[in-house]
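Following: one structure in structure tokens, then a few remarks.
Below, each value reflects all heavy atoms present in this structure, side chains not excepted, and no hydrogens, waters or symmetry copies. Chain letters run A, B, ... following the sequence lines, proteins first and then strands; every chain starts at 1.
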Amino acid sequence: MSLKVHNSLTRKKETFVPLTPGYVGMYVCGPTVSGESHLGHARPYITFDFISRYLRHQGYKVRYVRNITDAGHFEEEGREAEDKITKKALLEKIEPMELVQKYTNLFHWAMKEFNNIEPNIEPTATGHIVEQVNMIEKIIAAGYAYVANGSVYFDVKKYALTHDYGKLSGRVIEDLLETTRILEGQEEKRDKADFALWKAAPPQHIMRWRSPWGEGFPGWHIECSAMATKYLGAEFDIHGGGMDLMFPHHESEIAQSTVCNNSTPAKYWLHNNMITIGGKKMGKSYNNQIKLTEMFSGDHPLLTQAFSPMTIRFFILQTHYRSTLDFSSEALVAAEKGLKRLWEAYEFLKKLDSKNAVPASTNLLDEELDKKILNLLNELEAFMNDDFNTAKVLANLFEIVPVINSIKDGLIKVDSIPATTIELMKTSFRIYLEEILGLKNTTENTETFNGVMELLIDIRKEAKGKKDFATSDKIRKQLAGLGINLKDEKTGDISWSS
RNA sequence: GGUCCUGUGGCCGAGUGGCUAGGCAGAGCUCUGCAAAAGCUUCUACAUCGGUUCGAAUCCGGUCAGGACCUCCA
């Protein structure tokens with residue numbers, strides 16, 4: 001069974017064949033660290049995290065490159081040469097690099113909270129000015145860029161004569177050239193469709209670098225092309241990012257790299273869809289973002305409570321990555337409850353001892369149930385191979401939850417399922433939930449704490465045995481006040497969760 | 001205006017020709033000192049109008065509604 005991915009370039013699902021057998025080079029557009037990440041930003045990084053996890057699980061050696069945009073591109077291209085980062089730094093009265101550091105740290109913290117594995121290389125735009133300048137020089141030499149007043153622009157019209165500018169985003173070049181939209185400061189450009197490779201910095205601009213064309217700063221698209229080329233080569237396997245980056249960002253990347261390297265940079269272009277809120281994209285345009293810090297703290301008018309990073313991760317995993325996902329506090333609450341149920345079943349499954357089960361007595365075996373479980377588990381890989389259908393993976397795992405809970409309650413005897421199947425359940429849950437989907441237990445308790453809990457549970461058990469319900473209820477009630485819930489299991493055991 | 005996408009039950013969402021998606025919420029039952037869980041059963045679907053087909057949520061066309069991109073955007 002082979003992996004199929006939806007390639008935005010062809011708008012089709014294609015069998016994934018890496019350029020070099022066994023190796024995958026993947027570039028994902030990272031954040032612009034001029035401000036705090038919001039919920040919408042969580043999606044691509046979680047998406048490409050489980051994609052990289054799955055590729056590794058399939059045995060590929062993955063080099064995952066994700067940049068940090070710390071050079072800042074134009075607030076609105078064509079107007080004043082205004083750098084997002086410089087502007088914000090002035091506002092916060094700090095050094096631009098201080099600002100960049102602050103938000104980079106915050107971003108890294110959030111990624112860790114989401115249990116995202118760090119990329120193998122996380123290059124910064126400011127650290128690759130030389131590479132960008134070199135690339136721009138190559139493009140000028142090839143005749144596809146021109147200099148105007150210390151800025152350099154890519155000549156889209158010329159490129160389009162011999163190349164398909166718009167092949168990724170489905171843009172029609174004639175429409176782009178004929179667009180009627182008028183922006184100020186466009187006089188330098190020969191055509192409205194042209195985009196900046198290098199922008200001359202006005203005197204007050206703080207972030208500036210020397211270049212053959214004078215002091216300035218790089219255009220937005222060139223950094224990704226330069227860094228992807230440097231670390232993954234002229235051609236690599238996967239380029240990822242949000243759908244909103246398809247045009248102009250990725251389209252322009254293709255043009256730049258094609259001119260420089262004589263090849264289309266990435267073989268497969270993968271794009272995640274947006275998180276919406278009330279049906280509208282969460283983002284700057286609607287000013288409807290909810291910051292990740294607000295999500296985690298619950299400190300936002302639209303939130304009825306705080307949501308843990310794992311709840312958000314699970315919420316995102318429940319939807320296919322190419323579908324929009326509509327946010328609401330209600331939907332998050334549902335995700336939180338679902339995850340809790342799934343995870344508690346998994347925790348019990350982990351502890352389940354199948355070794356003592358008698359495997360031989362076939363008359364005890366529930367063959368139908370066994371078959372059902374095996375079938376559900378076997379489908380998991382096919383789902384992931386079908387363009388990473390995490391929603392279906394979770395649905396199947398959920399179907400096994402009642403089986404696990406029934407074993408827990410003694411409604412299904414452990415030995416009615418072959419020990420091999422139990423073991424397979426254990427490994428499958430571990431591999432899919434933890435290794436591939438990247439979910440983890442949110443509360444890590446210390447041994448001391450667990451010991452204290454055990455003691456309390458013992459005391460409560462004794463009290464219950466003596467029908468001293470006053471004591472047993474007191475323990476349960478006070479723990480509940482601390483956010484710890486005790487549950488009397490059917491087997492007589494007492495379990496707890498926080 | 002151009003290009004493209006979507007419309008599934010109270011909510012979030014899988015699903016592209018015939019088979020219960022799943023989660024959350026609701027109802028009933030069981031278990032239970034109480035509680036919480038859990039198990040079992042169950043109610044609300046496929047925007048709309050036509051067409052193709054033995055058969056359509058799924059394919060085709062019209063209509064309506066929403067959205068994305070075209071400007072920074074994950």
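rC72(B) sits 38 Å from rG10(B) when the C1' atoms are compared, rounded to a whole Å. Nucleotides rA45(B) and rA21(B) are separated by 13 Å at their P atoms, to the nearest Å. Only the C1' atoms considered, rA74(B) is 26 Å distant from rG15(B), to the nearest whole Å. Atom name P, nucleotides rU20(B) and rA27(B): the rounded distance is 26 Å, in whole Å. Remark: the separation of the P atoms in rC46(B) and rU41(B) is 24 Å, to the nearest Å. Comparing the same atom, C1', in rC59(B) and in rG1(B) gives a spacing of 30 Å after rounding to whole Å. Taking the P atoms as reference points, rG9(B) lies 8 Å from rA47(B), given to the whole Å. Straight-line distance between the P atoms of rG33(B) and rG26(B): roughly 25 Å, to the nearest whole Å.
Nucleic acid contact for M246(A): none, since no nucleic acid atom lies under 4.0 Å from a heavy atom of the residue. Backbone-only engagement by S406(A) is indicated by non-hydrogen atom pairs under 4.0 Å involving sugar-phosphate atoms exclusively. Using a 4.0 Å heavy-atom cutoff across all strands shown, T276(A) reaches no nucleic acid atom at all. Residue contacts shown for H271(A) are absent, as no nucleic acid heavy atom lies under 4.0 Å away. G40(A) comes within 4.0 angstrom of a nucleotide base, judged by non-hydrogen atoms across all strands. Heavy atoms of M282(A) sit under 4.0 angstrom from at least one base atom.
rC59(B): Watson-Crick or G-U partner is rG51(B), with both key distances under 3.5 Å. Across the strands present, rC69(B) finds its partner in rG2(B); the criterion is a Watson-Crick or G-U wobble pair with both atom distances under 3.5 angstrom. Applying the Watson-Crick and G-U wobble criteria (two distances, each under 3.5 Å), rG17(B) pairs with nothing in any strand. Remark: rG7(B) base-pairs with rC64(B); criterion is Watson-Crick or G-U wobble with both hydrogen-bond distances under 3.5 Å. As the counterpart of rU42(B), rG26(B) is assigned, both hydrogen-bonding distances of the Watson-Crick or G-U wobble pattern falling under 3.5 Å.
Atom CE in M274(A) sits roughly 14 Å away from atom C1' in rC4(B) (whole-Å rounding). To the nearest angstrom, C1' of rA38(B) lies 17 Å from CD of E347(A). A straight line from CZ of R460(A) to P of rA35(B) spans 13 Å, rounded to a whole angstrom. Straight-line distance from the NZ atom of K167(A) to the C1' atom of rC69(B): 19 Å, rounded to whole Å.
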(request) Do nucleotides 17-24 of chain B as a string where each nucleotide becomes B, S or -: B if the base has a protein heavy atom under 4.0 Å, S if just the sugar-phosphate does, - if no protein is that close. (result) ----BSBS
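For D386(A) and K13(A), the salt-bridge test passes: some basic side-chain N is under 4.0 Å from an acidic carboxylate O. Salt-bridge annotation for E434(A) and K440(A): absent, with no side-chain N of the basic residue lying under 4.0 Å from a carboxylate O of the acidic one. The pair K487(A)-E344(A) meets the salt-bridge criterion, with a side-chain N (NZ, NE, NH1 or NH2) lying under 4.0 Å from an Asp/Glu carboxylate O. Salt-bridge formation is not detected for the pair K464(A)/D468(A): no Lys NZ or Arg NE/NH1/NH2 atom is positioned less than 4.0 Å from an Asp or Glu carboxylate oxygen.
A side-chain donor from one of T69(A) and N67(A) sits under 3.5 Å from a side-chain acceptor of the other.
Residues of residues 484-497 of chain A having a heavy atom closer than 4.0 Å to RNA chain B, listed by number: L486(A), K487(A), D488(A), K490(A).
In the interface, the side chain of D473(A) is paired with the base of rG33(B) through a donor and an acceptor atom under 3.5 Å apart. If you check distances only, the side chain of R43(A) never reaches the base of rA74(B) with a donor-acceptor pair under 3.5 Å.
Here I404(A) contributes atom CD1 and R341(A) contributes atom CZ; the two are 10.0 Å apart, rounded to the nearest 0.5 Å. Atom-to-atom distance recorded for I459(A):CD1 and K474(A):NZ is 11.0 Å, nearest 0.5 angstrom. Here CE of M282(A) is found 11.0 Å from CG of N287(A). Values are rounded to the nearest 0.5 Å.
Here the two rings, on H221(A) and F195(A), have centers that are under 6.0 Å apart. Y231(A) has its ring centre no less than 6.0 Å from the ring centre of Y27(A). F307(A) and F296(A) have their aromatic ring centers separated by at least 6.0 angstrom. The six-membered or imidazole ring of H271(A) lies near that of H250(A), with a centre-to-centre distance under 6.0 Å.
Considering only side-chain N and O atoms, S323(A) lies under 4.0 angstrom from the phosphate OP1 or OP2 of rA14(B). The phosphate of rA68(B) (OP1 or OP2) has a side-chain N or O of Y286(A) nearer than 4.0 angstrom. Distances shown here put a side-chain N or O of N405(A) below 4.0 Å from the OP1 or OP2 atom of rG39(B).
Comparing rA35(B), rA68(B), rG15(B) by their closest approach to the side chain of K280(A) singles out rA68(B). Closest approach to the H41(A) side chain among rC34(B), rA74(B), rC69(B) is made by rA74(B) (side chain taken as heavy atoms from C-beta onward).
For the pair Y45(A) and rA74(B), the ring geometry does not qualify as stacking, because the centroid separation below 5.5 Å and plane angle under 30° are not jointly satisfied.
For the pair H38(A) and D386(A), nearest-nucleotide mapping onto RNA chain B gives the more 5' position to D386(A).
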